[in-house]
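Note sheet for the following structure.
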Amino acid sequence: MDEKLWPSEWLRGVLSQSILAVVAHAGVDGTYGYAIAQRLEIEGLGKIKGGTLYPILNRLEEDGNVTSWWVGGKGGPGRKTFAITASGRTHLDHRTTQWKRFTERTTALMTQGSTK
């Protein structure tokens, strides 16, 4: 994680859902770790190292939110590909709704002093 961009505790709180969102946007063909890391960096979250990314992907798979399979490489090693599951889509939608509510309330608190 690039702590220069964002405090590490912020990234820890949102990284799993951000990774799931990237996988969801890849569609049924799925995506692979390096492409996920690139997308997160392009979107401004900083460089996410494999030692951070792959344990999260493994947890998402253990929880039933993503599925994976190996795709053979053309002239090189194969790569593990990830796609969102139906339960992963439900989880992402629910957490996205919660996240919007949370950020609205915390932004109001920080800028106005009250959420109500």
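Given the structure is predicted, the values throughout are model-derived calculations rather than measurements. Hydrogens, waters and symmetry mates are skipped; everything else that's a heavy atom, side chains included, is used.
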Rounded to the nearest 0.5 Å, the OG1 atom of T31 sits from the CD1 atom of I36 at a distance of 5.0 Å

Measuring from I84:CD1 to T90:OG1, what's the distance to the nearest 0.5 Å?
8.5 Å

Under 3.5 Å, side chain of H25 to main-chain N/O of A21, donor-acceptor pair present?
yes

Among residues at least two apart in sequence or on other chains, which ones pass salt bridge (Lys or Arg N to Asp or Glu O under 4.0 Å) with R79?
none

Residues passing the salt bridge (Lys or Arg N to Asp or Glu O under 4.0 Å) test with E43, sequence neighbours excluded, are R39

Sequence neighbours excluded, the answer for side chain to side chain contact (heavy atoms under 4.5 Å, CB included) partners of W70 is K80

State yes or no: do W10 and F102 share one hydrophobic cluster built from I, L, V, M, F, W and Y residues joined by side-chain heavy-atom distances below 4.5 Å, directly or via other members?
no

Examine distances only and state if a side-chain atom of T81 and a backbone atom of V71 form a donor-acceptor pair shorter than 3.5 Å.
no

Just jot down the side chain to side chain contact (heavy atoms under 4.5 Å, CB included) partners of S18, sequence neighbours excluded, or say none.
V14, L40, L45

To the nearest 0.5 Å, what is the distance between NE2 (H94) and CD (Q17)?
9.5 Å

If every non-hydrogen atom of S87 is compared with every non-hydrogen atom of G64, which pair is closest and at what distance?
OG-O, 2.8 Å

Keeping to residues at least two apart or across chains, list the salt bridge (charged side-chain N to carboxylate O under 4.0 Å, His left out) pairs with something in residues 27-37.
none

Check Q98 against R95 and note the closest heavy-atom contact, atom names and distance.
OE1-CD, 2.9 Å

Side chain of T96, backbone of L92: donor and acceptor closer than 3.5 Å?
yes

Which heavy-atom pair separates G30 from A83 by the least distance, and what is that distance?
CA-CB, 4.1 Å

Between the main-chain N or O of T103 and the side-chain N or O of T106, is there a donor-acceptor pair closer than 3.5 Å?
yes

Which residues share a side chain to side chain donor-acceptor pair (under 3.5 Å) with R59, sequence neighbours left out:
none

Considering non-hydrogen atoms only, spot the tightest contact between T85 and T67 and give its length.
CG2-N, 3.8 Å

Nearest-0.5 Å distance, CG of residue L57 to OG of residue S68:
9.0 Å

Closest contact, heavy atoms only, V66 versus F82
CG2-CD2, 4.2 Å

Taking the inter-plane angle between the rings of Y32 and Y34 on a 0 to 90° scale, is it parallel (under 30°), tilted (30 to 60°) or perpendicular (over 60°)?
parallel

Shortest non-hydrogen separation from N65 to H91 and the atoms involved
OD1-CB, 3.7 Å

